[in-house]
Amino acid sequence: MAECNKCGTSIDADESYDYQGKALCEDCYIDVMNPPKTCDPWAVHLAKSTVIQEGAQLTPLQEKILNLLKEHGALQAEEVTAKLQISESEFRNAFATLRHMELARGFKKGMDTYYTLFNS
Ligand SMILES: [Zn+2]
């Protein structure tokens with residue numbers, strides 16, 4: 001007869017779960033294996049890097065914008081919309097995602113706002 005390392009309940013050997021070298025009862029084992037998902041910055045971070053690595057979440061328009069910024073460097077919104085023949089709201093929607101994924105960013109130059117690749 002062993003005791004759960006966490007709550008102290010008596011557990012039979014065949015009901016004990018090994019977690020990092022400690023014996024736990026089933027309830028506590030489930031507890032440590034399924035921590036609450038809320039407010040977990042690390043999980044959010046992981047989710048974000050996965051998206052970037054796979055690159056699969058980009059829409060064709062978002063890829064076009066990235067390629068355009070790669071070729072031309074920083075551009076203003078009007079230049080992007082003119083070159084890609086899209087509306088300003090289409091651009092803003094697509095760009096919001098790119099910025100969220102840290103693939104692109106906007107910056108101010110005098111009175112104007114320019115858009116460029118995140119790492120440039
Ligand atoms: Zn326990």
Side-chain angles (χ1 to χ4, degrees):
M1 194 69 94
E3 278 186 1
C4 170
N5 226 285
K6 204 170 169 211
C7 67
T9 306
S10 299
I11 37 174
D12 293 328
D14 61 347
E15 285 173 353
S16 104
Y17 290 78
D18 184 77
Y19 178 73
Q20 295 180 351
K22 292 175 183 166
L24 295 181
C25 70
E26 186 173 8
D27 285 350
C28 290
Y29 184 73
I30 291 170
D31 238 42
V32 294
M33 295 308 281
N34 298 289
K37 289 288 189 293
T38 48
C39 289
D40 189 344
W42 183 240
V44 171
H45 175 79
L46 283 181
K48 208 159 82 174
S49 357
T50 309
V51 166
I52 292 170
Q53 278 161 15
E54 289 177 358
Q57 302 291 317
L58 290 182
T59 65
L61 176 58
Q62 288 160 355
E63 285 188 16
K64 274 189 203 168
I65 293 173
L66 279 184
N67 287 334
L68 193 69
L69 296 177
K70 235 175 256 177
E71 281 172 34
H72 294 266
L75 291 171
Q76 290 185 263
E78 304 86 76
E79 296 174 292
V80 176
T81 54
K83 285 181 198 291
L84 296 181
Q85 300 286 297
I86 55 174
S87 72
E88 192 177 322
S89 63
E90 281 178 302
F91 169 69
R92 291 201 185 286
N93 283 338
F95 197 84
T97 307
L98 294 175
R99 184 164 43 206
H100 182 73
M101 291 165 73
E102 299 189 344
L103 292 173
R105 64 190 168 88
F107 67 94
K108 285 264 183 193
K109 196 165 158 184
M111 297 293 287
D112 300 319
T113 305
Y114 284 80
Y115 299 89
T116 188
L117 297 179
F118 191 79
N119 293 321
S120 60

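Heavy-atom basis, side chains included; hydrogens, waters and symmetry copies ignored.
In this structure, Gln85 contributes its side chain and Ala82 its backbone to a donor-acceptor pair below 3.5 Å.
Salt-bridge annotation for Arg92 and Glu88: present, with a side-chain N of the basic residue lying under 4.0 Å from a carboxylate O of the acidic one.
Residues Met33 and Tyr19 are in side-chain contact: their nearest non-hydrogen atoms beyond the backbone lie under 4.5 Å apart. Residues Val32 and Lys6 have side chains in contact (heavy-atom distance under 4.5 Å, counting atoms from C-beta outward).
Within 6.0 Å of NZ on Lys64 lie no more than 12 heavy atoms contributed by other residues, nucleotides or ligands.
When Leu58, Leu66, Ile65 are each tested for a side chain to side chain contact (heavy atoms under 4.5 Å, CB included) with Gln62, only one passes: Leu58. The only member of Leu117, Leu103, Thr59 that meets side chain to side chain contact (heavy atoms under 4.5 Å, CB included) when paired with Leu98 is Leu103.
Atom OG1 of Thr9 is separated from atom CG of Asp27 by 7.5 Å, given to the nearest 0.5 angstrom. Interatomic distance, CD of Glu15 versus OH of Tyr29, reported as 15.0 Å (0.5 Å rounding). Here CG of Asn93 is found 8.0 Å from OG of Ser87. Values are rounded to the nearest 0.5 Å. Separating the CG atom in Leu75 from the CG atom in Asp112 is a distance of 12.5 Å, to the nearest 0.5 Å. Considering CG of Leu69 and CD of Glu79, their distance stands at 10.5 Å, rounded to 0.5 Å. Rounded to the nearest 0.5 angstrom, Glu3 CD and Ile11 CD1 are separated by 8.5 Å.
Under a hydrophobic-cluster definition in which Ile, Leu, Val, Met, Phe, Trp and Tyr are linked whenever side-chain heavy atoms come within less than 4.5 Å, directly or via other members, Leu68 and Tyr114 are assigned to different clusters.
Taking the six-membered ring where the residue is Trp, Phe95 and Tyr115 present perpendicular rings, their angle passing 60° and hence far from 30°.
Residues Cys25 and Cys4 approach most closely at N-SG, 3.4 Å, considering heavy atoms.
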